[in-house]
Each structure stands twice: as structure tokens, then as C-alpha cells.
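Just so you know, these numbers use all the heavy atoms, side chains as well, and skip hydrogens, waters and symmetry mates.
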Amino acid sequence: MQYAEPKWYAVKHTDENIVAQSRSGGIFTALSDAVLAESGVIYGCVMTEDFRAVHIRAEDTQGRDRMRGSKYIESSLGDTLRQVRDDLKAGRKVLFTGTSCQIAGLRRFLGRDWENLLCVDIVCHGVPSPKVWQAYLAWQEKKSKAKVVSANFRNKKDFGWREHMETLTMDDGKVIHSKDFALLFYDHSILRPSCYTCPYKSIMHPGDITIADYWGVEKAAPDFDDNKGVSLVLVNNSRGEGAFEAVKDSLRWQVTSMELSLQPPLLRPFAAPKHRADFWKDFSTKDFGYLVKKYVGAGLLGKIRRKIKSLLGKRKKGRDAS
């Protein structure tokens, strides 16, 4: 049964190690552990060795753990929708995670409801172009004269949950901390055109459960606000409530209010920037460094970027002094 409006919760896993390994509060691990315990199957997004986002199928915690963390680019679903259908027909319990449009696409592909399917969608800011991400990595490699061997879109361990700092590790051991791609993302020029008219930028979602970083938790649930990560959980229907109730023993949770939990992506789509066409024209003709200087180095985004560089400089000096 679909609810007229979601039930709102602040959630954090009771295992601090799981919280540390998760991007938010660990709700995905709790839900997927329950499905795996019933010999179920998990579908979610991982980063490949060539730094592309793809959906995979997992039957164990090792595969599931690869799905943790944020990937701020569009993921390829490949053949996973057919695999989901095959698993459902075989009577397997399935947990499918993705953006709201991916969940809606899965439901339309299946054509009917399945009792053994649990869908969890993610509150989505918008889907950036993978092409821009690959160009960004190539630019960083060119500057550092080294190859990227690992990428973390949001380095919670070193900078805290609130800080959106990406970290690249190079094959020569150098580590690069940057906000350049994040700031292009928040500028909204690199989002897919459909994101500007997304029908799921509201409190109503196609998932049985909707999860997100709990921005605004300092007001909605201040006892959870430790900068280590907390999940916003929207329970959208009776199936989602059943799944949430089944894992509550592994969670710290608190009922919260919609009024204190609303984030911009829960209200409306972000508008296309006036300079979006200029960005893509420049992207096809200019060096990536030019894009950073023009679209990240000016205005409010530039101020944020300079502040981040200043903080990183102070942090480095502090380490050198010690």
C-alpha cells in the first residue's frame, strides 16, 4: 500500500565501522544484510577499474560492499533489468538500488509488482555527464604526470561527512584532494538535460524506501549530528515499512518531520544555468583547465574553491609543523 506521504527518519547504523565505510549512516548495509541473510540478491552501482559507474549483481557481502559510497556520474544498467526479472521469477528476494528514474524504469520493464522485490531509490541532485568526469581525470593525470589508480568522490574519512572533497590517488603515490569536479556538479551545467525537468524532485518517489544524506540533521535530529554520517530515510509504502522494521535492531533511528527535512532535490528540479550552452561549447573546444578557471574560478563557486585551497594549505602546514 502506497502512503499519501512518506514517513521520515534519521538513521545511523549501530556499528561505527559500517558508518565509517558508508557514505551516510549505513542504512543500505542494514537493508542489504537482511536480504542476503535470506539468500537474496543485491543490485547496485559500483566503480569499475577504468572509473566508470555500472550496476552489478551481488550475492555476497564482498560484492555488496563495492556498492557503498557515492558515484556522482550516470551509471550504466547493462543487462541488470533482465537479471532482476530472472531472479524474481526464480523466487529470489531482490534488493535493487538506484536513482528514482532507474527504479521507475525497472518497474516499467517488469510490468507488474513482485512481492519479492524491494526497491530503494536515492535522493538525486542530478546526473552528471560521465564524459566530463573522464575529461577531469585525464586533466588531473596530465597535470600530475601520473595515472589515477583510485578515486573517492567524497572523502569522509579525512574531511568529514559534510565536506564534499574528492580524493584521487595516483600510481606514483601522490594524493590529490580537489573540489573542482564537485563544484562543476553543483554549478549544474554538467547534468543531463532531463534532470532539469525530473518528475521525481518531490517528496514522492517510486522506491519502497528512499535514502539520502541527512542535510539539515542539526535541526531535525541534533543528537545524530556528529559529522560522521547520518541517513535520511523516507518510508514510502507498507513494503518499505516492513523492510525497515525488520532491520531496526541494527540501527539508531528517530522519527523526524518533513518540515525540518526538506532538501532542494525534494522540492523541485534545479534549473539549467544560463551559461550551460557556453559550458558545453567550451568543453568541446577548450582545455579542462580553462573550464575550471571559467566555471569554477569565478563568483561564489570561486570563493568556495579558494577557501578550500586555503584550508588544505593550513592543514598541510599543520602536518609539517608536527
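- Through side-chain heavy atoms spaced under 4.5 Å, either directly or across other Ile, Leu, Val, Met, Phe, Trp or Tyr residues, Val19 is tied to no other residue.
- Hydrophobic cluster membership for Tyr200: none, as no Ile, Leu, Val, Met, Phe, Trp or Tyr side chain comes under 4.5 Å of it.
- The shortest distance between side-chain heavy atoms of Ile73 and Phe51 does not fall below 4.5 Å.
- Taking Ile, Leu, Val, Met, Phe, Trp and Tyr as hydrophobic and joining them when side-chain heavy atoms fall under 4.5 Å apart, one finds Ile18 isolated, its cluster having no other members.
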Contacts under 3.5 angstrom, residues 144-151 side chains, donor-acceptor by atom type, not counting sequence neighbours:
| from | atom 1 | to | atom 2 | distance (Å) |
| --- | --- | --- | --- | --- |
| Ser144 | OG | Gln140 | O | 2.9 |
| Ser150 | OG | Thr169 | OG1 | 3.2 |

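- Under the 3.5 Å distance criterion, the side-chain polar atoms of Glu38 are left unmatched by any main-chain donor or acceptor of Lys93.
- Residues His125 and Tyr186 are in side-chain contact: their nearest non-hydrogen atoms beyond the backbone lie under 4.5 Å apart.
- Grouped by direct or indirect side-chain proximity (heavy atoms under 4.5 Å, Ile/Leu/Val/Met/Phe/Trp/Tyr only), Leu106 sits with Val41, Tyr43, Leu77, Leu81, Val84, Leu88, Val94, Phe96, Ile103, Phe109, Leu110, Trp114, Leu117.
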Just distance, no hydrogens or angles: give the donor-acceptor pairs under 3.5 Å from side chains in residues 264-272, sequence neighbours left out.
none

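- Remark: side-chain polar atoms of Lys71 are paired, donor with acceptor, to backbone N or O of Gly69 under 3.5 angstrom.
- Judged by distance alone, with hydrogens and angles left aside, the side-chain atoms of Asp15 form a donor-acceptor pair with the main-chain N or O of Asn17 at under 3.5 Å.
- Side-chain contact of Thr29 with Arg68: a donor-acceptor pair under 3.5 Å is present, judged by distance alone.
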